[in-house]
Visitor: 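Got a structure here, written out as structure tokens. Questions coming.
Each residue takes its place number in the sequence, starting with 1. In each ligand, atom 1 is the first atom listed, and ligand 1 is the first ligand listed.
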Amino acid sequence: MGGTFDPVHIGHLACAEQAREAFGLDAVVFIPAGMPAFKLKRHVTSAEQRLRMCQLAVESNPAFDVSRIEIDRPGVTYTADTLRQLRAHYPKNVSLYFITGADAVCSILKWRESAAIADLADLIAVTRPGYVFTEEQRATIEQAGNFRIHLLETTGLAVSSSDLRARVAAGKSIRYLTMQRVLDYIHEHRLYVSGAHDKEAVQ
Ligand code: ATP
Ligand code: MG
């Protein structure tokens, strides 16, 4: 599962767990983006801090892991490069699934080297409140891009990292919206208090 994870929250975790269960996955690897291609114009928390929060969030689940491959790769992060790296790393009999929310999967044909992404992994598109991804859209993308997309109905959690950041900036509680350890880390490192991330986004 790729993402900016700025910060990781229960939406990511619950979807990953439900995808793991539904598809009998041996593991789910959270891969924080080094330099997210779609977020180049806004301030993003340092890669090491986003990675650390992911590690804290998955600690209690033996089937969850965190990888720093995108963080260690220089330049803008592209999913195709990541999947190629994972493919080379795991034995041939290991199948790769890329877990993505309904908001992200809609634009997959526009991602760099989308044909390579389609070759390297199946997609698991999880539901996300506020975003529609229909069977028709699925069929269109599958045909146009040669993708294999599995739709998975997950518990609809209308949680986003943007909302968590805005809450912290407004001095509001984010308790229960992410793991307690992540929350402690955010407070300890005074992340998101200035609201700088999202102020820059609208400039
Ligand atoms: P931001 O608001 O900063 O964009 P985000 O909450 O969307 O953050 P990302 O790191 O952008 O989180 O998302 C990583 C992946 O997780 C994407 O595929 C996204 O669609 C998915 N995702 C994030 N939140 C949810 C959620 N609440 N339900 C389902 N999928 C989600
Ligand atoms: Mg997002």
Visitor: If you count the atoms of ligand 1 from 1 in the order shown, which ones are under 4.0 Å from a heavy atom of S160?
Guide: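 Once the distances to S160 are compared, the set is 2 (O), 6 (O).
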Visitor: With heavy-atom distances below 4.0 Å as the criterion, list the atoms of ligand 1 near S162.
Guide: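 Here the atoms of ligand 1 in question are 1 (P), 2 (O), 3 (O).
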Visitor: Under 3.5 Å, is there a donor on one side chain and an acceptor on the other for T134 and Q137?
Guide: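 Indeed, the side chains of T134 and Q137 share at least one donor-acceptor pair under 3.5 Å.
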Visitor: Does the side chain of R167 come within less than 4.5 Å of Y192's, by heavy atoms?
Guide: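 Not touching, per the 4.5 Å side-chain cut-off.
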Visitor: Tell me the contacting part of T127 for ligand 1: side chain, backbone, both, or neither, using a 4.0 Å heavy-atom threshold, strictly below.
Guide: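 It is the backbone that gets close, since no side chain atom is under 4.0 Å.
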Visitor: Pick whichever of G101, G2, A104 has a heavy atom sitting closest to atom 15 (C) of ligand 1.
Guide: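 Of the listed residues, G2 has the closest heavy atom.
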Visitor: With distance as the sole criterion, is a donor-acceptor pair present between the side chains of R52 and Q55 under 3.5 Å?
Guide: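 The criterion, which ignores hydrogens and geometry beyond distance, is satisfied for Q55 and R52.
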Visitor: Run the numbers for me: atoms of ligand 1, each under 4.0 Å from some heavy atom of G3, listed by number.
Guide: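 Near G3, meaning under 4.0 Å from one of its heavy atoms, ligand 1 has 10 (O), 14 (C).
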Visitor: Check contact between V159 and ligand 1, using heavy atoms of the residue and a distance below 4.0 angstrom.
Guide: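 Per 4.0 Å heavy-atom rule, V159 contacts ligand 1.
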Visitor: When you measure from the heavy atoms of D163 to every atom of ligand 1, does any distance fall below 4.0 Å?
Guide: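 Outside the 4.0 Å threshold, so no.
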Visitor: Where is the nearest protein heavy atom to atom 22 (N) of ligand 1: which residue, which atom, and how far?
Guide: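 It is R128 NH1, 3.6 Å.
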Visitor: Do Q85 and D81 have side-chain atoms, one donor and one acceptor, less than 3.5 Å apart?
Guide: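 Short answer, no.
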Visitor: What residue and heavy atom of the protein are closest to atom 9 (P) of ligand 1, and at what distance?
Guide: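 Ranking protein heavy atoms by distance from atom 9 (P) of ligand 1, first comes H12 NE2, 3.7 Å.
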Visitor: With a cut-off of 4.0 Å, which atoms of ligand 1 are near a heavy atom of R165?
Guide: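 Counting atoms of ligand 1 from 1, those under 4.0 Å from R165 are 3 (O).
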Visitor: Counting both backbone and side chain atoms, is some N or O of C15 under 3.5 Å from an N or O of ligand 1?
Guide: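 The answer is no, given that C15 and ligand 1 share no N or O pair closer than 3.5 Å.
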Visitor: Suppose we call two aromatic rings close when their centres sit under 6.0 Å apart. Are F5 and H12 close by that rule?
Guide: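 Centroid distance F5-H12: below 6.0 Å, so yes.
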Visitor: Between T77 and G34, is there a donor-acceptor pair closer than 3.5 Å when you use the side chain of the first and the backbone of the second?
Guide: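 Yes, the answer is positive, given that a donor and an acceptor are paired below the 3.5 Å cut-off.
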Visitor: Are any of the side-chain nitrogens in R84 or E113 under 4.0 Å away from the carboxylate oxygens of its partner?
Guide: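 Counted as a salt bridge, because a side-chain N and a carboxylate O are separated by less than 4.0 Å.
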Visitor: Does atom CZ of R138 have more than 12 heavy-atom neighbours, drawn from other residues, nucleotides or ligands, at distances under 6.0 Å?
Guide: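 Enclosed.
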Visitor: Could you tell me, atom by atom, which parts of ligand 1 come under 4.0 Å of a heavy atom of T4?
Guide: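 It comes down to these atoms of ligand 1: 10 (O).
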Visitor: Going by distance only, is there an N or O of D6 that falls short of 3.5 Å from an N or O of ligand 1?
Guide: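 So ligand 1 has no N or O lying under 3.5 Å from an N or O of D6.
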Visitor: Between R73 and T82, is any side-chain donor less than 3.5 angstrom from a side-chain acceptor?
Guide: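 Distance-only check passes for R73 and T82.
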Visitor: Quick one: do H150 and F23 satisfy ring pair (Phe, Tyr, Trp, His ring centres under 6.0 Å)? Show the steps, please.
Guide: CA-CA 10 Å; H150 312 271; F23 292 88; 5.3 Å; yes
Visitor: Quick one: look up the protein heavy atom nearest atom 4 (O) of ligand 1 and list residue, atom name and how far away it is.
Guide: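 So the nearest neighbour among protein heavy atoms is K39 NZ, 3.1 Å.
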Visitor: Just jot down the ligand 1 atoms closer than 4.0 angstrom to any heavy atom of F5, in number order.
Guide: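 Listed by number with element: 10 (O).
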Visitor: Give the residue, atom name and distance (to 0.1 Å) of the protein heavy atom nearest atom 20 (O) of ligand 1.
Guide: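 Nearest protein contact, heavy atoms only, for atom 20 (O) of ligand 1 is D103 OD1, 2.5 Å.
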Visitor: Near R112 CZ, under 6.0 Å, is it more than 12 heavy atoms from other residues, nucleotides or ligands?
Guide: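 No.
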Visitor: For ligand 1, which atoms have a heavy atom of G11 less than 4.0 angstrom away?
Guide: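 What qualifies from ligand 1 is 27 (N).
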Visitor: Near T100, which atoms of ligand 1 are under 4.0 Å from a heavy atom of that residue?
Guide: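 The list of qualifying atoms is 18 (O).
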